[in-house]
Amino acid sequence: MNYYYIETFGCQMNVHESEKIAGILSSRGLSATDNVNLADVIVFNTCCIRDTAEKKIEGNIGELKALKRASPEKILIVSGCMTQQKGRAEALKKRFPFIDIILGTANQYELGAELDKLCASPKRSKRVSVRFDDRPPIDESVPVTRTSYPNAWVNIMYGCNNFCTYCIVPYVRGRERSRDKEHIIAEIRTLLDSGYKEITLLGQNVDSYGSDIGNVTFYDLLKDIAKINAKFRLRFMTSHPKDLSEEVIKIIAETPNFCNNIHLPVQSGSDRILKAMNRKYTRKRYLELIETIRKYMPNCGITSDIMVGFPGETDEDFADTMSLTSSVRFQNAFTFVYSPRAGTPAAQMEQIPKEIKKERITALVALQNRISDEISADYLGKTEEILAEDAPEENVLVGRTDTGRLVRFAGDRSLIGSFINVKITKNKASALFGEIVNNG
Ligand code: 5AD
Ligand code: SF4
C-alpha cells in the first residue's frame with residue numbers, strides 16, 4: 001500500500017481527527033494523495049450534525065461503488081460521527097456493502113489495528129468496529145500529520161455534557177473528557193518550537209474545560225498559555241454562553257497573543273425557544289455577555305451560530321432572533337435550518353413546515369450578510385497585522401486579521417507563516433482585499 005486519501009466532513013474537530021488518521025496511516029509508510037483513484041486506502045471521516053451533511057456523505061460513498069468494483073483491493077474506511085449513531089453502522093453496511101471498515105469516533109485511534117485485522121483475514125471480511133462508550137479513553141500517543149500550517153489544532157477536551165435538545169453531538173461523542181493541562185501545554189510548546197504560528201484550541205464547550213477532572217479550569221489553562229514567551233496567535237472554539245466567564249474575557253483582552261475573536265453561538269433570540277433548546281441562558285444574559293466582551297475588547301470579532309425553524313418557533317420567536325442579530329451585529333454568523341436528528345428530544349416535538357423554515361433562513365441570511373458587509377466596510381483604509389496562511393493562486397496570499405477576518409492580498413507564498421502588515425483597500429461581501437504595507 002502506498003497512498004491514502006482522506007475526505008473530511010463537518011467541523012474543525014473532524015478536520016483535526018483526520019490529521020490523526022493521516023498520522024496513523026503515515027506511520028505505516030503511506031503517503032497522502034488528493035487523487036482518490038491513486039489511493040490504496042480511502043477514508044471518509046463523517047459528520048451527522050444535520051441531514052444535509054448525511055445525505056451528501058451517502059451520495060459521496062455511493063459514488064465510490066464503481067471504483068471499488070474496478071479495484072476491489074482498495075480499502076474503503078468510513079469513520080466518524082455518522083457511524084456512531086445507534087443502528088447506523090449496520091444500516092451503512094447494508095446499503096454500502098463495499099465498505100471495508102466502519103469505524104466509530106470513540107475508537108478512531110484503533111484504525112491501524114483495524115487495518116491489520118482486515119488484511120490478516122483470508123477473505124478480507126468486512127469489519128464494523130464501533131464502540132458505545134460514553135467515556136472512551138484519551139490516547140495521547142496517536143501520531144498527527146498536520147495539514148493546516150501555520151495553524152495547529154489542539155484538542156483540549158472531547159465530548160459534550162449539554163444535551164441541547166436539537167443536537168446529536170452528545171450521543172455520538174460521549175461525555176466531556178478533558179486532557180491534562182500539562183499535556184496541552186507541552187503540545188503547544190512543541191508546536192511553537194517547530195514553527196507553528198497559530199494555535200486553535202478545540203472543544204465542544206471549551207469553557208467547561210477541566211470540570212470533569214477538577215482543580216483546573218479553562219482560565220487556568222489560558223493563564224499558563226499566556227506565560228509562553230513567543231509570538232503566536234491563540235484562538236479557541238467553541239464557547240458556550242452559559243459558561244463563558246468574565247475572567248476568561250479579561251485574560252483574552254490582556255494577552256497580546258490571544259486573538260480578539262470569540263465564537264459564541266446564540267442559536268436563538270427567543271427565551272421561549274432557548275428554554276426548549278435547553279441552552280440554559282436567556283436573551284438578556286447573552287446580551288450582557290456581549291456587552292462585557294465589548295467593554296474589554298471594543299473591536300472583538302464576535303461570530304455566532306444561529307438556527308431557524310426549531311420546533312414551535314413562532315413568527316414572534318423568529319422576530320426575536322432577527323432583532324438580536326440586528327442589535328449584536330455579529331462579524332459573521334453560520335446560519336442553519338433546524339434538522340431533526342433521530343434520538344434527540346426535539347425530533348419528537350411538533351415540527352414546523354419547510355416553507356416557513358425557508359422564508360426565515362432567507363431573511364436571516366440577508367440580514368447577516370448586510371451586517372457583515374457593513375462591518376467589512378469599517379476595515380477600509382485600516383492597516384491590519386495579518387498572519388499569511390495560504391496561497392490559493394500564484395502570488396496571492398490569504399490570511400486573517402486578529403479578529404478573524406479573511407484578507408486576500410498580493411504576495412509570495414514564501415511569506416506563509418509570517419505576520420505582515422496589510423492595508424485594507426477593498427471589500428466585497430465578507431471578503432477583504434489589501435496590499436502589503438512596506439515598513440521600509
Ligand atoms: N439542526 C440544525 N443545526 C444544528 N446545529 C446543531 N444541531 C443542529 C441541528 N439538529 C448547529 C448549531 C451548532 C452548530 C455546530 O450546528 O447551531 O452550534
Ligand atoms: Fe451540541 Fe449543545 Fe453540546 Fe454544542 S453545547 S455540541 S450544540 S449539545
Side-chain angles (χ1 to χ4, degrees), residues 8-17 46-56 80-82 84-85 88 105 134 155-178 202-209 211-212 218 236-244 262-270 273-281 286 289 302-313 318 321 324-325 328 330 332-349 351-352 354 356-358 360-361 364-365 368:
T8 308
F9 302 86
C11 63
Q12 276 76 14
M13 192 69 87
N14 263 15
V15 171
H16 184 39
E17 271 159 12
T46 64
C47 168
C48 60
I49 193 96
R50 281 171 289 278
D51 189 52
T52 42
E54 289 207 274
K55 289 269 158 49
K56 181 171 172 210
C81 292
M82 192 167 157
Q84 196 75 46
Q85 300 167 88
R88 202 72 170 87
T105 27
D134 261 358
N155 279 117
I156 64 168
M157 60 197 299
Y158 303 88
C160 181
N161 287 357
N162 294 311
F163 290 94
C164 301
T165 53
Y166 51 80
C167 187
I168 192 80
V169 170
Y171 304 89
V172 294
R173 287 195 170 268
R175 298 294 70 71
E176 287 175 1
R177 285 107 55 217
S178 302
L202 295 178
Q204 252 77 37
N205 175 8
V206 291
D207 305 290
S208 68
Y209 169 77
S211 52
D212 54 318
F218 187 47
F236 52 84
M237 61 179 68
T238 295
S239 294
H240 196 306
K242 80 179 164 63
D243 296 318
L244 177 63
I262 299 181
H263 184 60
L264 196 63
V266 65
Q267 313 298 359
S268 169
S270 150
I273 296 296
L274 287 171
K275 193 152 199 282
M277 287 177 164
N278 192 31
R279 290 289 288 176
K280 301 197 177 86
Y281 54 84
Y286 188 88
L289 204 48
I302 304 174
T303 59
S304 201
D305 295 342
I306 315 171
M307 199 188 296
V308 301
F310 185 83
E313 185 186 67
F318 176 62
T321 296
L324 181 133
T325 305
V328 174
F330 297 111
N332 250 313
F334 297 101
T335 49
F336 303 110
V337 173
Y338 166 73
S339 163
R341 305 284 69 207
T344 61
Q348 313 291 330
M349 300 175 190
Q351 305 296 315
I352 68 169
K354 256 198 192 134
I356 294 188
K357 288 180 173 176
K358 207 168 160 202
R360 290 181 184 163
I361 193 77
L364 178 64
V365 167
Q368 182 54 48

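Counting starts at 1 for both ligands and their atoms, in listed order.
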Using a cut-off of under 3.5 Å, which N/O atoms of ligand 1 pair up with protein N/O atoms, and what distance separates each pair?
unit_1, atom_1, unit_2, atom_2, d
ligand 1, 1 (N), Ser339, N, 2.9
ligand 1, 3 (N), Arg50, NH1, 3.1
ligand 1, 5 (N), Arg50, NH1, 3.4
ligand 1, 10 (N), Tyr166, O, 3.0
ligand 1, 10 (N), Ser339, O, 2.8
ligand 1, 16 (O), Arg50, NH1, 3.0
ligand 1, 17 (O), Gln267, OE1, 2.6
ligand 1, 17 (O), Gln267, NE2, 3.4
ligand 1, 18 (O), Gln267, NE2, 2.8
ligand 1, 18 (O), Asp305, OD2, 2.6

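Near His240, with a cut-off below 4.0 Å to any heavy atom, the atoms of ligand 2 are 5 (S). Within ligand 2, counting atoms from 1 as listed, the ones closer than 4.0 Å to a heavy atom of Arg279 are 2 (Fe), 7 (S).
Among protein atoms, those of element N, O or S found less than 2.8 Å away from atom 1 (Fe) of ligand 2 are Cys167 SG.
Among residues two or more places apart in sequence or in another chain, the ring-ring contact (aromatic ring centres under 6.0 Å, His included) test is passed with Tyr286 by none. The salt bridge (Lys or Arg N to Asp or Glu O under 4.0 Å) search around Asp305 returns none, not counting sequence neighbours.
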### Query
Would Phe218 and Met157 satisfy side chain to side chain contact (heavy atoms under 4.5 Å, CB included), going step by step from the backbone distance to the final call?
CA-CA 10 Å; Phe218 187 47; Met157 60 197 299; over 6 Å; no
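When the options Phe318, Phe336, Tyr338 are evaluated for a ring-ring contact (aromatic ring centres under 6.0 Å, His included) with Phe310, the one that passes is Tyr338. Just one of Arg279, Gln204, Lys242 meets the side-chain hydrogen bond (donor to acceptor under 3.5 Å, both in side chains) condition when paired with Asn162; it is Lys242.
For the pair Ile352 and Arg360, the minimum side-chain heavy-atom distance is below 4.5 Å. The shortest distance between side-chain heavy atoms of Tyr171 and Gln85 does not fall below 4.5 Å.
One side chain, Ser178 or Asp212, offers a donor N or O that lies under 3.5 Å from an acceptor on the other.
With Ser208 contributing its side chain and Ser211 its backbone, the two residues share no donor-acceptor pair below 3.5 Å. In terms of modelled atom types and a separation under 3.5 Å, the side chain of Thr325 and the main chain of Gln368 share no donor-acceptor contact.
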